[in-house]
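One structure is given below, encoded as structure tokens.
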Amino acid sequence: MEIVSRNKCYGGMQTVYKHASDACGVEMTFGMYLPPQAQTKSVPVLWYLSGLTCNHENAMTKSGMQQHAAKYGMALVFPDTSPRGDDVADDEAYDLGNGAGFYVNATQEPWKPHFQMYDYIVKELRMKLQESQPVTDRHGITGHSMGGHGALTIALRNPKLFNSVSAFAPITNPTQSNWGRKQFSAYLGDDEATWAEYDATILLGELGWHGDILIDQGSSDQFIDLLRPQSLTKIIYEHRQPAILRMQDGYDHSYFFVSTFAGDHIRWHSERLNGLDS
């Protein structure tokens with residue numbers, strides 16, 4: 001992996017890497033923060049998946065998560081949201097193509113050759129981190145909006161790989177939302193039965209989760225109708241799934257919202273990743 005930049009941050013190190021990706025067939029970029037504790041021991045990891053139009057930089061520079069990660073001795077990983085490059089398929093719309101990978105493995109042309117974000121996160125990048133960084137095998141995952149969708153679906157499908165999961169204003173029911181139906185049709189085809197493995201509401205109902213879940217949602221979120229938090233809440237209630245769902249009064253969909261509650265999420269993950277919860 002090639003180092004793009006390195007900056008000391010809260011006693012630790014914020015690094016940006018780029019590397020050739022077998023999963024996506026192009027060069028991928030991601031950010032990683034190692035807290036000061038990583039200088040002497042391996043530390044647990046929290047993945048942060050970003051939302052539509054974002055790349056690896058958004059949360060890395062706007063969320064303020066490094067300060068909290070340094071306090072609790074946790075590494076942070078900030079992957080990109082899609083493959084990028086001259087040979088990568090794209091669309092004029094902001095919510096398809098570059099910056100809008102939706103963390104799926106595309107099966108349809110022209111997206112299939114590069115848009116394999118699920119495998120990139122779950123298999124390729126995780127393996128690279130385990131091989132090259134001072135991290136343990138205790139991983140948590142969180143994300144915002146489209147990234148919250150990715151965090152929930154990836155964790156629910158891979159409970160042996162992820163020990164904790166949370167989300168900020170996630171797209172909870174994409175098969176029933178315009179933030180999902182359009183993209184799934186393009187990436188996965190018209191057979192809606194194949195979409196279910198990327199829908200957190202459906203997956204939680206079918207698979208459950210081995211621990212509890214933390215979700216924050218702003219009450220003034222301008223996209224709340226597309227996020228459909230009521231769908232996931234209904235499943236949580238029906239299946240008696242342990243969860244904390246907080247409707248935060250007056251907060252919108254921005255990084256002002258994410259940064260306000262980032263410390264809560266990192267503390268929550270730290271409690272679970274340090275062995276207090278399976």
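Along the sequence shown, residues are numbered consecutively beginning with 1.
L214 belongs to a hydrophobic cluster whose other members, connected by ILVMFWY side-chain contacts under 4.5 Å either directly or through intermediates, are I244, W268.
Sorted by first and then second residue, the ring-ring contact (aromatic ring centres under 6.0 Å, His included) pairs involving residues 225-255 (not counting sequence neighbours) are H144-H253, H144-Y255, F223-H253, Y251-F261. Annotation: ring-ring contact (aromatic ring centres under 6.0 Å, His included) contacts involving residues 18-42, sequence neighbours excluded, comprise Y17-F30, H19-F30, H19-Y120.
Side-chain contact annotation: S177 with N173, donor-acceptor N/O pair under 3.5 Å absent. The closest side-chain donor-acceptor pair between T29 and H56, if any, does not fall under 3.5 angstrom. Using modelled atom types, one finds no donor on one side chain facing an acceptor on the other under 3.5 Å when comparing N55 with S50.
Heavy-atom minimum distance, L232 versus A200: CD1-O, 4.0 Å. A pairwise comparison of heavy atoms in T142 and M65 identifies CG2-CE, 4.5 Å as the closest pair. Heavy atoms only, all atoms of each residue included: Q66 and M60 are closest at NE2-O, 2.8 Å.
Separation of atoms OG (S164) and NE2 (H269) is listed at 4.5 Å; rounding is to 0.5 Å. In this structure, CG on L273 lies 6.0 Å from CG on N163, to the nearest 0.5 angstrom.
Remark: side-chain polar atoms of T172 are paired, donor with acceptor, to backbone N or O of R228 under 3.5 angstrom. Counting only distance, with no hydrogens or angles, the side chain of W209 and the backbone of D212 share a donor-acceptor pair below 3.5 Å. Counting only distance, with no hydrogens or angles, the side chain of Q183 and the backbone of D95 share a donor-acceptor pair below 3.5 Å. Without hydrogens or angle criteria, E192 side chain to T175 main chain gives no donor-acceptor distance under 3.5 Å. Checked by atom type and distance alone, the side chain of W195 pairs as donor or acceptor with a backbone atom of G189 at under 3.5 Å. A donor-acceptor pair under 3.5 Å is formed between the side chain of N158 and the backbone N or O of I154. Panel note: side chain S219, backbone G250; a donor-acceptor pair is recorded below 3.5 Å. Within the 3.5 Å criterion, the main-chain N or O of F256 finds a donor-acceptor partner in the side chain of S259.
Scanning for ring-ring contact (aromatic ring centres under 6.0 Å, His included) contacts around Y48 gives an empty result, with sequence neighbours left out. Residues meeting the side-chain hydrogen bond (donor to acceptor under 3.5 Å, both in side chains) test with W179, sequence neighbours left out: Y94. With sequence neighbours excluded, no residue forms a salt bridge (Lys or Arg N to Asp or Glu O under 4.0 Å) with D90. For T61, the side-chain contact (heavy atoms from CB on, under 4.5 Å) test picks out no residue, with sequence neighbours left out. For E57, there are no salt bridge (Lys or Arg N to Asp or Glu O under 4.0 Å) partners two or more places apart in sequence or in a different chain. Not counting sequence neighbours, the partners of R246 by the side-chain hydrogen bond (donor to acceptor under 3.5 Å, both in side chains) test are D216, D264. By the side-chain contact (heavy atoms from CB on, under 4.5 Å) test, N7 pairs with S5, sequence neighbours left out.
Proximity of the aromatic rings of Y187 and F115 is defined here by a centroid distance below 6.0 angstrom, and this criterion is met.
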Donor-acceptor pairs are to be reported for all side-chain atoms of residues 68-80 against protein atoms at under 3.5 Å, with residues two or more places apart or in another chain.
unit_1 : atom_1 : unit_2 : atom_2 : d
D80    : OD1    : R84    : NE     : 3.3
D80    : OD1    : R84    : NH2    : 3.0
D80    : OD2    : R84    : NE     : 2.8

Counting only pairs under 3.5 Å, give me each side-chain donor-acceptor contact of residues 122-131, with atom names and distances, residues two or more places apart or in other chains.
unit_1 : atom_1 : unit_2 : atom_2 : d
E124   : OE1    : S21    : OG     : 2.7
E124   : OE1    : A23    : N      : 3.1
E124   : OE2    : D22    : N      : 2.7
R126   : NH1    : H139   : ND1    : 3.4
R126   : NH1    : L161   : O      : 2.8
R126   : NH2    : L161   : O      : 3.3
Q130   : OE1    : H139   : NE2    : 2.4

- Give the C-alpha distance, both sets of side-chain angles, the deciding distance and a yes or no for side chain to side chain contact (heavy atoms under 4.5 Å, CB included) between N98 and T53. CA-CA 7 Å; N98 282 3; T53 75; over 6 Å; no
Between D190 and S185, is the side-chain hydrogen bond (donor to acceptor under 3.5 Å, both in side chains) condition met? List the steps. CA-CA 5 Å; D190 294 331; S185 179; 3.1 Å; yes
Exercise. May I have the step-by-step check of side chain to side chain contact (heavy atoms under 4.5 Å, CB included) for L49 and I141, ending in yes or no?
Key: CA-CA 8 Å; L49 305 186; I141 189 166; 3.9 Å; yes
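The number of heavy-atom neighbours closer than 6.0 Å to NZ of K234, taken from other residues, nucleotides and ligands shown, is 12 or below. With a 6.0 Å radius and a threshold of 12 heavy atoms from other residues, nucleotides or ligands, R181 has its CZ atom above the threshold.
The aromatic rings of H149 and F184 sit tilted, their planes meeting at an angle between 30° and 60°.
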